[in-house]
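Remarks on the structure that follows.
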Number of protein chains: 2
Amino acid sequence: MSLNDRKIQILQAIINDYIETAEPVGSRTIAKKYNLGISSATIRNEMSDLEEMGFIMQPHASSGRIPSDLGYRLYVDHLMKKRELSLEEQGYLQSVISRDISQIDYLMEETARVISSLTNYTSFISEPVGQRARIKQIRLLPLDMVSVLLVIVTEDNFMKNHVIKLGVVPDEDKIFEIGMYLNRAFQGCALQQIGREVISRLQIQLGEYSELLRPILRALQATMDAAEKVQLHMSGARNILAFPEFSDISKAKSLFQTLEEKDVLVTLLEESKSNDLQVLIGSENTVQSMKDCSVITATYKLSDDTRGTIGIVGPTRMDYSQVISVLNGMVQNIEKVLRNLTDDNRDG
Amino acid sequence: MSLNDRKIQILQAIINDYIETAEPVGSRTIAKKYNLGISSATIRNEMSDLEEMGFIMQPHASSGRIPSDLGYRLYVDHLMKKRELSLEEQGYLQSVISRDISQIDYLMEETARVISSLTNYTSFISEPVGQRARIKQIRLLPLDMVSVLLVIVTEDNFMKNHVIKLGVVPDEDKIFEIGMYLNRAFQGCALQQIGREVISRLQIQLGEYSELLRPILRALQATMDAAEKVQLHMSGARNILAFPEFSDISKAKSLFQTLEEKDVLVTLLEESKSNDLQVLIGSENTVQSMKDCSVITATYKLSDDTRGTIGIVGPTRMDYSQVISVLNGMVQNIEKVLRNLTDDNRDG
DNA sequence: TGTTAGCACTCACTTAGCATGAGTGCTAAT
DNA sequence: ATTAGCACTCATGCTAAGTGAGTGCTAACA
């Protein structure tokens, strides 16, 4: 029993119909709707074969067939037509570019919003991450009568500011001087490299301002912790409720729970970072509450090792073709915007 | 017809029972469960009166009664017992304090999480906002070969960093010098005050680095825009699905939609900022999709004009007493943590 | 005059039974 | 190899009857 052309046509018809209607597809529907030139009885025989091969299944005896995860897999890998973005969709993507987006988190929010409103699935996006472990700049600034501001920037421009309250605030010159020293001491360092020796040398150097030592070390730790925690933006979670697959509230609830625990998503995005495009169908997902979902992710690159990921979650019955084209379009979009983000300041 | 003691007892019984069971309460239930020393027939008569007065209502003829919004209002204003936090709850709140919380957004996230897990409602919290319009510090730092870093801090320590890419990056001394000048020029300024004159003076001062002018002005604008946009953290949205009130998916969907549009919530929190505690019951809410919900908000203060708000959304049938005690406990908690947030660095 | 027992009535909810229709698998004819 | 025909399955929708929680009303009672 081989997967001949006709079987593939029928499988394709089943998948298309099921994606559209969310109802099990019967042989007669196919015979009427898709002009394959064969009768429903023949289709029935072929469907029986397709089921035996594991590409489709029956929710219950005497109902139509629905695609199995394996069926979707075949579809995604070989059958699916690459869809071009419609004008409307392109325009929508453009509208994100054209706006004056100057802050990365705002860009992330907007991107997630656009993807979910275009696809009607739940979308998420992680910020571009590269060389975070290494310190690029660490500076001390005057803030007010009781505190100073410590600014830490990592190699990939992830940055965090820390307010440090002091008993005695040094004068401006002294603050800058300490800042300079800190910078010389830590520039290029990974956190793990900061050993006893460096710390005690720093303590001596700080002299009467040695009370700065502990908050500085703590700020470094906090920055590195935060840097390791990938920022994730999500949008359109409510879309889940619109799909008949989740009309069972308890299912929707458990998926929501997973989505609220960002760790799971972060892991997922991290794992998919090495692939340009990744499609996980149903049971291919390792997370239990996502066994009925498909997750599609696409990776955007700023440089070889500075990457982020965008993705969507939806029912396995999803419009793979559309989602993939939207994600691809969006990857190009983000890469363009991110490249311009800082350049723009020059001539904008 | 007056609201005598017995009527109040009965109303209280109805509300208590309904909060617990989510089922309409009948006269016989009250007679059996609450020993008021009167028969179900008498209770029926009183209930009839209470309905006429608008405190309770029947979902349909020949069903038990449920409290009306007016009934809840009376309950919240006069009948409700102030509940103390249980040991378990107190412990839970403590667990948030005791952790090393050094970043304000992390504190916000954690607080929202704790509130929603204690109450099982959806919680949200806005960051403390005070004198944001006025610039406290504005500094320029070296970043790398092609860009400099502009740090802007407002009076209430809201801060934002901006990467500015340049054709020619000045040397460190020059960068600091320009930074000093910027700081002198803008310190204490509100954005609106920055007029032509200041700008042209700045341009002259920048001299060969006048390409800095536009990105700086843009960064100022962006910072002020972001400062005005109140940061909001939400948690436990999925809890909504657990309540029978929202077993109708379409209702849940429209509420989700509202919650995802943060603007609505921000407005809501802003409006309630002048009250220490605010309870909006059902139809008292102005937002359509929240007409079946109650919103409880509490305001925390760092100083007279630096405030933020925490709140929860749930079905009108909610445990007002518990929520209020949790929110009050949390307000104290936040105020304490925020006051310590920066001090901590001194001795921690 | 307030309270209570009793009774008729209402209405949501459940269950069972029946009809319907979409769909399958099998068989025999083409 | 294909197809028409037929028996069979099963989800779904509809109706009718039964159940039970609850009310309102009335008449009797303290």
Side-chain angles (χ1 to χ4, degrees), chain A residues 1-11 13-15 17-18 20-68 71 244-245 247-248, chain B residues 1-11 13-15 17-18 20-68 71 244-245 247-248:
Chain A
M1 186 165 49
S2 74
L3 199 58
N4 57 23
D5 241 35
R6 197 168 65 185
K7 281 195 179 60
I8 285 178
Q9 278 187 312
I10 291 172
L11 179 59
I14 292 172
I15 293 177
D17 216 69
Y18 186 64
E20 192 186 330
T21 66
E23 295 292 327
V25 188
S27 56
R28 238 181 120 238
T29 312
I30 297 179
K32 269 192 293 184
K33 228 164 134 180
Y34 304 80
N35 296 314
L36 303 182
I38 46 178
S39 78
S40 68
T42 311
I43 294 173
R44 269 203 291 287
N45 290 331
E46 297 288 38
M47 280 165 91
S48 179
D49 291 354
L50 282 170
E51 182 164 11
E52 208 175 310
M53 290 188 261
F55 294 117
I56 56 179
M57 53 200 257
Q58 280 182 295
H60 57 86
S62 96
S63 81
R65 303 307 209 291
I66 62 173
S68 67
E245 280 86 345
S247 60
D248 175 7
Chain B
M1 188 163 50
S2 73
L3 201 58
N4 58 24
D5 243 33
R6 196 168 66 186
K7 282 195 178 63
I8 286 179
Q9 279 188 311
I10 292 172
L11 179 58
I14 292 172
I15 294 178
D17 216 70
Y18 187 64
E20 192 186 328
T21 65
E23 295 292 327
V25 188
S27 54
R28 243 183 116 238
T29 313
I30 296 178
K32 269 191 292 185
K33 227 164 136 180
Y34 304 80
N35 295 314
L36 303 182
I38 48 177
S39 78
S40 68
T42 310
I43 294 172
R44 270 202 292 286
N45 290 331
E46 296 287 38
M47 280 165 89
S48 179
D49 290 354
L50 282 169
E51 180 163 12
E52 210 176 309
M53 288 190 262
F55 295 117
I56 55 179
M57 53 200 258
Q58 282 182 294
H60 58 86
S62 95
S63 82
R65 303 305 211 291
I66 61 173
S68 66
E245 280 87 345
S247 60
D248 175 7

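Just so it is clear, the model here is predicted, and its values are computed rather than measured. Here is how names work: the chains are called A, B, and so on, in the same order as the sequence lines, proteins then strands, and each is numbered from 1.
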For D/dT3 and A/T42 - does any side-chain N or O of the residue sit under 4.0 Å from the phosphate oxygens OP1/OP2?
yes
How many whole angstroms separate atom CZ of B/R44 from atom P of C/dG2?
18 Å
Whole Å only: how far is the CG atom of A/N45 from the C1' atom of C/dG23?
14 Å
Take the protein atom CD1 of B/I14 and the nucleotide atom P of D/dT23, then report the distance between them rounded to whole Å.
9 Å
Could you tell me whether a side-chain N or O of A/T42 sits under 3.5 Å from a main-chain N or O of A/I38, the two making a donor and an acceptor?
no
May I ask you to decide if A/R65's main-chain N or O and A/Q58's side chain share a donor-acceptor pair within less than 3.5 Å?
no
Measure from the side-chain N and O atoms of A/S68 to the backbone N and O of A/G54, and report whether any donor-acceptor pair falls under 3.5 Å.
yes
For D/dG24, does the base pair up with any side-chain atom of B/R65 as donor and acceptor (N or O, under 3.5 Å, distance only)?
no
N/O (side chain, A/S62) to phosphate O (OP1/OP2, C/dG25) under 4.0 Å
no
B/A61, nearest nucleotide to its side chain (from C/dT10, C/dG25, D/dC10)
C/dT10
Could you tell me whether the phosphate oxygens of D/dG20, OP1 or OP2, come under 4.0 Å of any side-chain nitrogen or oxygen in B/R28?
no
Contact nearer the 5' end of DNA chain C, comparing A/A41 with A/P24
A/P24
Distance in angstrom units between B/E52 CD and D/dG24 P, rounded:
11 Å
Taking all non-hydrogen atoms of both residues into account, name the closest pair between A/D17 and A/Y34 and its distance.
OD1-OH, 2.9 Å
How close do B/A22 and B/P244 get, heavy atom to heavy atom, and via which atoms?
CB-CG, 3.9 Å
Rounded distance in Å - CD (B/E46) to C1' (D/dT23):
15 Å
Spacing of A/R6 atom CZ relative to D/dA1 atom C1', expressed in whole Å
8 Å
C/dG23 C1' sits how many Å from A/M47 CE, rounded?
9 Å
Picking from C/dA12, C/dT24, D/dT9, the nucleotide nearest the side-chain atoms of B/H60 would be C/dA12
For atom CD of B/Q58 and atom P of D/dA21, their distance in whole Å
17 Å
Looking only at side-chain N and O atoms, does B/S39 come under 4.0 Å of OP1 or OP2 in C/dT4?
yes
Please confirm whether the shortest side-chain N or O distance from B/T29 to OP1 or OP2 of D/dA21 is below 4.0 Å.
no
